[in-house]
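First comes the structure, then the notes that go with it.
Here is how names work: the chains are called A, B, and so on, in the same order as the sequence lines, proteins then strands, and each is numbered from 1. From a predicted model like this one, the values you see are computed outputs, not experimental measurements.
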2 protein chains.
Amino acid sequence: MNIADQTFPAADSANEDRAQAIRDQLRDAIVDRRLAPGTKLSEGEVGTLFEVSRTVARAALQMLSFEGLVRTERNRGAFVANPSPEEARQVFASRRLIEPGIAIAAAGRMTPAHVVAFKAQLDEEGRFIVERGPSARRSEIKASGDFHLLLASVAGNVILQRFMEELVARSSLVIALYGRSGISSCGHSEHMQILEALETGNAPRASALMLHHIDHIEADLDLRVRGGPALRQALEL
Amino acid sequence: MNIADQTFPAADSANEDRAQAIRDQLRDAIVDRRLAPGTKLSEGEVGTLFEVSRTVARAALQMLSFEGLVRTERNRGAFVANPSPEEARQVFASRRLIEPGIAIAAAGRMTPAHVVAFKAQLDEEGRFIVERGPSARRSEIKASGDFHLLLASVAGNVILQRFMEELVARSSLVIALYGRSGISSCGHSEHMQILEALETGNAPRASALMLHHIDHIEADLDLRVRGGPALRQALEL
DNA sequence: TTAGAAAAGATTGCATACGATTTTTGCGAG
DNA sequence: CTCGCAAAAATCGTATGCAATCTTTTCTAA
């Protein structure tokens with residue numbers, strides 16, 4: 001696996017917790033689907049990959065399990081989460097509840113610098129959409145999530161920001177699992193509309209657009225159980 | 001079945017993760033104000049107290065730091081969180097955003113068993129209010145939080161439920177820090193009104209009542225900085 | 001007397017070791 | 001050939017040890 005392809009520990013992350021750095025890399029790998037749901041992440045393996053002891057690897061896995069990206073079973077190990085359709089629905093129900101409010105808060109705090117950041121974000125997003133292929137699709141899902149994270153950071157509530165980080169990460173997993181193909185071009189245009197509403201300070205419109213946007217994302221999922229949940233459970237791993 | 005499982009942490013949690021059991025006890029102590037904000041929680045001390053190694057104590061502290069109840073500083077240790085007024089405002093802003101939606105969801109899922117559980121909860125809450133004294137006041141804060149947690153469990157979204165657990169725990173800390181005295185009797189009656197709306201399936205009313213209730217809780221805080229934030233920062237441990 | 005530096009002490013970060021539990025493998029009986 | 005069972009391997013849970021870092025104390029010099 002090329003998950004730990006970071007050569008030098010950057011000066012910044014060397015000063016920080018190594019477990020946190022490993023968590024970030026693993027999270028990226030999970031959200032990008034380089035690690036498939038259900039993949040076993042043994043402490044020893046993660047430790048050797050990142051050249052740390054099991055202690056540190058274990059701490060990283062524990063953090064991911066708090067975020068819901070990894071499920072751990074006692075005396076068995078850690079596995080990349082494999083969210084059920086029901087979990088997927090709850091993720092989007094949570095987003096429907098939270099994100100319109102975040103959009104309203106953000107609309108009242110937009111600065112020109114924020115607008116610039118959003119424009120750059122949307123440009124990047126657009127680049128991945130014109131490309132095709134599995135790699136571009138992964139980047140597209142990630143970039144789409146980054147839009148929502150940027151919005152949450154503008155809203156200025158660190159607690160809600162952390163909630164959104166978790167929800168966006170889990171959404172990426174869900175989209176990768178249950179997503180249909182040709183969705184996100186429409187998502188991109190909706191992001192642009194939302195930015196427009198934010199720029200003009202039209203909070204109600206931004207909020208309503210966000211709600212529709214989330215609905216559209218969820219509507220483009222195929223949440224029917226494939227072959228029944230029991231079978232799925234039995235076959236996984 | 002949702003409030004009944006708050007029994008003694010004896011046989012069940014001995015079989016479970018010990019770190020989790022320690023986390024629960026520490027969280028209760030923090031929420032109950034038996035551990036004052038700013039108190040140092042050294043790994044060794046926690047370990048000896050609970051008769052486990054530093055490894056296990058460390059894991060428990062890490063969990064609490066994820067929940068925002070404990071703040072850890074590298075190479076310095078863990079301390080009971082000391083939320084700033086700004087953090088307090090963000091906690092309640094988050095609750096204003098999330099809890100009305102939870103009330104709506106819960107209103108659509110109430111069963112007679114839920115009603116019984118709520119009645120029992122409110123009875124207990126009332127008992128602590130007639131009593132006076134610091135111990136009763138702590139129990140009162142905790143019982144008041146339990147009402148909101150029960151509501152979240154009825155709503156049936158495990159993700160939102162976890163968010164609410166964090167928000168309620170942090171709220172308890174904030175109330176203990178910034179709360180004025182004679183607040184909660186009014187809170188109790190509001191809880192009863194909310195239950196009434198839930199029983200009759202009046203979701204909009206339950207939602208509106210919840211919003212007012214949160215406003216009232218926050219209004220009864222004194223969030224003025226005491227002596228300036230710089231001084232506060234300088235003096236605290 | 002006080003400022004500053006050096007040593008002592010305490011605490012965390014991390015690695016490693018060992019027992020416990022689970023999973024896999026190997027082998028013989030049916 | 002399949003099934004069951006026991007031994008082996010793998011993996012986790014936890015304790016402990018050592019080095020690094022931070023804090024406190026102590027000692028010296030202006």
Worksheet item: By side-chain contact (heavy atoms from CB on, under 4.5 Å), which residues pair with Q161(A), not counting sequence neighbours?
Response: A152(A), S153(A), V158(A), E165(A)
Taking only N/O atoms, report every protein-nucleotides 20-24 of chain C pair under 3.5 Å with atom names and distance.
residue: dT23(C); atom: OP1; partner: R76(A); partner atom: NH1; Å: 2.5

Worksheet item: Does a salt bridge link R74(B) with D17(A), judged by any charged N lying under 4.0 Å from a carboxylate O?
Response: yes
Worksheet item: So does K40(B) pair up with E45(B), basic N to acidic O under 4.0 Å?
Response: no
Worksheet item: Rounded to the Å, how far apart are E51(B) CD and dA15(D) C1'?
Response: 14 Å
Worksheet, complete the sentence: Heavy atoms of G101(B) and L97(A) approach each other most closely as CA-CD1, 3.5 Å
Fill in: Whole-Å gap separating P (dG13(D)) and CD (E73(A))
11 Å
Item to complete: Round to a whole Å and report the spacing from NZ of K40(B) to P of dC22(D).
Response: 12 Å
Worksheet, complete the sentence: Within residues 52-60 of chain B, those residues having any heavy atom closer than 4.0 Å to DNA chain D are V52(B), S53(B), R54(B), T55(B), V56(B)
Worksheet item: Where does the angle between the aromatic ring planes of H148(B) and H191(B) fall among parallel (under 30°), tilted (30 to 60°) and perpendicular (over 60°)?
Response: perpendicular
Worksheet item: Taking atom P of dA17(C) as reference, at what distance in whole Å does atom CD of E43(A) sit?
Response: 16 Å
Worksheet entry | Lys/Arg N to Asp/Glu carboxylate O, E218(B) vs R96(B), below 4.0 Å | yes
Worksheet item: For the pair made of CZ in R18(B) and P in dA15(D), what is the distance, rounded to whole Å?
Response: 5 Å
Worksheet item: Shortest non-hydrogen contact from N157(B) to Q90(A)?
Response: ND2-O, 3.2 Å
Worksheet item: Just wondering, are more than 12 heavy atoms of other shown residues or ligands nearer than 6.0 Å to CD in E73(B)?
Response: yes
Worksheet item: Between dT11(D) atom P and L41(A) atom CG, what is the distance in whole Å?
Response: 12 Å
Worksheet item: dT11(D) P sits how many Å from F79(A) CZ, rounded?
Response: 11 Å
Item to complete: Can you tell me the distance, in whole Å, between the CD atom of E45(B) and the C1' atom of dT11(C)?
Response: 12 Å
Worksheet entry | Where A19(A) and A60(A) come nearest, the two heavy atoms and their spacing | O-CB, 3.5 Å
